[in-house]
Amino acid sequence: MNLIPQQPPDKYDAPSLLGDRGPKRFHAMAKPASSTCNLDCTYCYYLSKEHLSQGPGAGRMSDETLELFIQQYIEGVTGGEVVFSWQGGEPTLMGLEFFRKVVAFEKKHAKPGQRIENDLQTNGTLLNEEWCAFLKEHRFLVGLSIDGPREIHDHYRVTKGKQPTFDKVFAAAKMLQRHGIPFNTLTCVHRFNGRRPVDVYRFLRQEINSTYIQFIPIVEHRQFERIAPQTWNNAGLPKDGDPEAKPGHPNSIVTEWSVDPDDWGYFLCRVFDRWLSQDIGKVMVNHFETLVAQHLGLPSQMCVYSEVCGKGVAVEHDGGVYACDHYVYPEYRLGHLKTGKLDQMVFSRGQAKFGYAKSESLPQYCHRCAFLPDCWGECPKNRLLRTPDGEPGLNYLCRGFKTFFAHALPEVERIAAELRKQPLRSKARM
């Protein structure tokens, strides 16, 4: 169904964003506790969203909003699977009773034959035996945030009282393992651990025994708390190679804790080598898994490497819907669950334009790059630089990505060639 009648239709119409006129699939990330968190991680991009949590019941999703969200999400996705992602802030602050209601509402509104899955991203500090029993019973996939061994993890991930959190998070990992709960580790790569890739990866593999590893680069505009992505002054952006294009400079374009672009490339290269020599076929690392998939001709497994975006929205505690988890700013508010339908917001013309802008706004410098199909400019919120000839829209991490792709692609092509020779079922895990 064309949600925006127009003659003749163009690429911003809903069917174009879908890619065809088949089942509607999209992803909604829910923020039931908004920015409320029991930690005070230095680099957290969401703690500054407290302006979204004002008035009675601030920062807590009501039962009414919860059921409305679940109902609209299940109704809106016409594919065979609906994945609920619960993030924050810290979603476990909502308590177990809230998540028991989640499961009950999902069962109430489930469609026949449609699979419903849940994942929970948590700092792990509030998990206990009762939580684990619930997560196991209802087959939640858990994402556990941990940045490496103690001295690395505790550098930025601290409580409101600036106390370390490593011991509680490490205990949570072991508790999840005892209960047989599948979990991913999510590790932020920042200025402090960017030069210690082997230490981080060895810890995740040998101490945590993680087999699903996500690395997220920390990149934050120096005024990210007040200025929405793509609303900054392009003329004031530094060029690639300028001193201001690095963290630590007094006039840097990014926060002091953002990862250095060169360190990001170094980090990925060193971890890739360790993964290739010891863990290929046994461990999923998000950046490597998607790169192999893309060289098999499959879609990117990560939105940041897709040619277009826009089908991953954020739903705040009050029912407000935003274009993306990293675009929770007034400029990118799509609407409200009480006054609109979730699927109509996702497939609206405005959101389609937002999604296509990812590739349409790339500078010519990127279009001439041999790595364009691997990168597509990565996440638009990180396009904080101007190209050497002054065109805006260059990704802050460009240098690091070029280093990594040049290093990894020969092996990635070899892996892809080997996988093409194997039966289709063996390609599920690289």
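Reckoned from all heavy atoms, side chains included, excluding hydrogens, waters and symmetry mates. Here the structure is a predicted model, which is why all the values come from computation and not from measurement.
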K.L.:
Main chain of Gly88, side chain of Lys31: is a donor-acceptor contact present, judged purely on distance under 3.5 Å?
P.N.:
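Here the side-chain-to-backbone pair exists.
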
K.L.:
Just grab all the salt bridge (charged side-chain N to carboxylate O under 4.0 Å, His left out) pairs involving residues 127-138, residues at least two apart or on different chains.
P.N.:
Arg100-Glu130, Glu129-Arg178

K.L.:
Could you pull out all residues at least two apart from Asp273 that satisfy side chain to side chain donor-acceptor pair (under 3.5 Å)?
P.N.:
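By the side chain to side chain donor-acceptor pair (under 3.5 Å) rule, Asp273 matches Arg270, His407.
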
K.L.:
For Asn286 and Tyr305, test the side chains for any donor-to-acceptor distance below 3.5 angstrom and give the result as yes or no.
P.N.:
no

K.L.:
Distance only, no hydrogens: is a donor on one side chain within 3.5 Å (strictly under) of an acceptor on the other, for Gln121 and Ser85?
P.N.:
no

K.L.:
If only atom types and distance count, is the side chain of Gln114 paired as donor or acceptor with the main-chain N or O of Thr78 below 3.5 Å?
P.N.:
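Not a single qualifying donor-acceptor pair exists.
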
K.L.:
Relative to the ring of Trp86, is the ring of Phe98 parallel (under 30°), tilted (30 to 60°) or perpendicular (over 60°)?
P.N.:
perpendicular

K.L.:
Can you confirm whether or not the ring centre of Phe99 sits under 6.0 Å from the ring centre of Trp131?
P.N.:
yes

K.L.:
Using a distance-only test with no angle check, is there a side-chain donor-acceptor pair under 3.5 angstrom linking Trp232 and Gln223?
P.N.:
no

K.L.:
Just wondering, more than 12 heavy atoms not from Lys107 lying within 6.0 Å of its NZ?
P.N.:
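Atom NZ in Lys107 is not packed in, count stays at 12 or less.
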
K.L.:
In the structure I gave you, are the side-chain heavy atoms of Phe192 and Ile152 within less than 4.5 Å of one another anywhere?
P.N.:
yes

K.L.:
Give me the ring orientation class for Trp275 and Phe288: parallel if the planes are under 30° apart, tilted from 30 to 60°, perpendicular past 60°.
P.N.:
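Trp275 vs Phe288 ring planes: tilted.
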
K.L.:
Looking only at the aromatic ring of each residue, does the gap between the centers of Phe69 and Phe105 stay below 6.0 angstrom?
P.N.:
no

K.L.:
Give a yes or no answer on whether the side chain of Arg386 reaches the backbone of Gly393 with a donor-acceptor pair at less than 3.5 Å.
P.N.:
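No, because the side chain of Arg386 does not come within donor-acceptor range (under 3.5 Å) of the backbone of Gly393.
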
K.L.:
Are Glu90 and Thr122 linked by a side-chain donor-acceptor pair shorter than 3.5 Å?
P.N.:
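Glu90 vs Thr122: donor-acceptor pair found between side chains.
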
K.L.:
Do Lys49 and Tyr329 meet the cation-pi criteria used here (NZ or CZ under 6.0 Å from the six-membered ring centre, within 45° of the axis)?
P.N.:
yes

K.L.:
Do Asn123 and Asn38 have side-chain atoms, one donor and one acceptor, less than 3.5 Å apart?
P.N.:
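Distance-only check passes for Asn123 and Asn38.
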
K.L.:
Is it the case that Asp389 and Gln364 place a side-chain donor and acceptor less than 3.5 Å from each other?
P.N.:
no

K.L.:
Is there a donor-acceptor contact under 3.5 Å linking the side chains of His153 and Thr165?
P.N.:
yes

K.L.:
Does the gap between the ring centers of Phe84 and Phe140 come in under 6.0 Å?
P.N.:
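Centroid separation for Phe84 and Phe140: 6.0 Å or greater.
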
K.L.:
Begin from the C-alpha positions of Asp262 and Lys246 and carry the test side chain to side chain contact (heavy atoms under 4.5 Å, CB included) through to its verdict.
P.N.:
CA-CA 9 Å; Asp262 291 319; Lys246 294 266 196 172; 2.4 Å; yes

K.L.:
Return the orientation label for the Phe170 and Phe203 ring planes: parallel under 30°, perpendicular over 60°, tilted otherwise.
P.N.:
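Phe170 and Phe203: tilted rings.
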
K.L.:
In a check of side chain to side chain donor-acceptor pair (under 3.5 Å) between Tyr43 and each of Arg157, His155, His190, Glu256, which one passes?
P.N.:
Arg157

K.L.:
Side chains of Leu385 and Pro238, heavy atoms from C-beta outward: is any pair under 4.5 Å?
P.N.:
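Answer yes - side chains close enough.
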
K.L.:
Using side chain to side chain contact (heavy atoms under 4.5 Å, CB included) as the criterion, list what pairs up with Asp263, not counting sequence neighbours.
P.N.:
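For Asp263 the side chain to side chain contact (heavy atoms under 4.5 Å, CB included) partners, ignoring immediate neighbours, are Arg195, Val259, Asp260.
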
K.L.:
Indicate yes or no: does Lys162 engage Asp40 in a salt bridge with an N to O separation below 4.0 Å.
P.N.:
yes

K.L.:
Indicate yes or no for a side-chain donor-acceptor contact from Ser348 to the backbone of Met345 under 3.5 Å, with no hydrogens or angles considered.
P.N.:
yes

K.L.:
Quick check: do Arg274 and Pro197 have side-chain heavy atoms less than 4.5 Å from each other?
P.N.:
no

K.L.:
Below 30° counts as parallel, above 60° as perpendicular, anything between as tilted: where do the rings of Phe215 and Tyr201 land?
P.N.:
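Answer is tilted, since the angle falls between 30° and 60°.
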
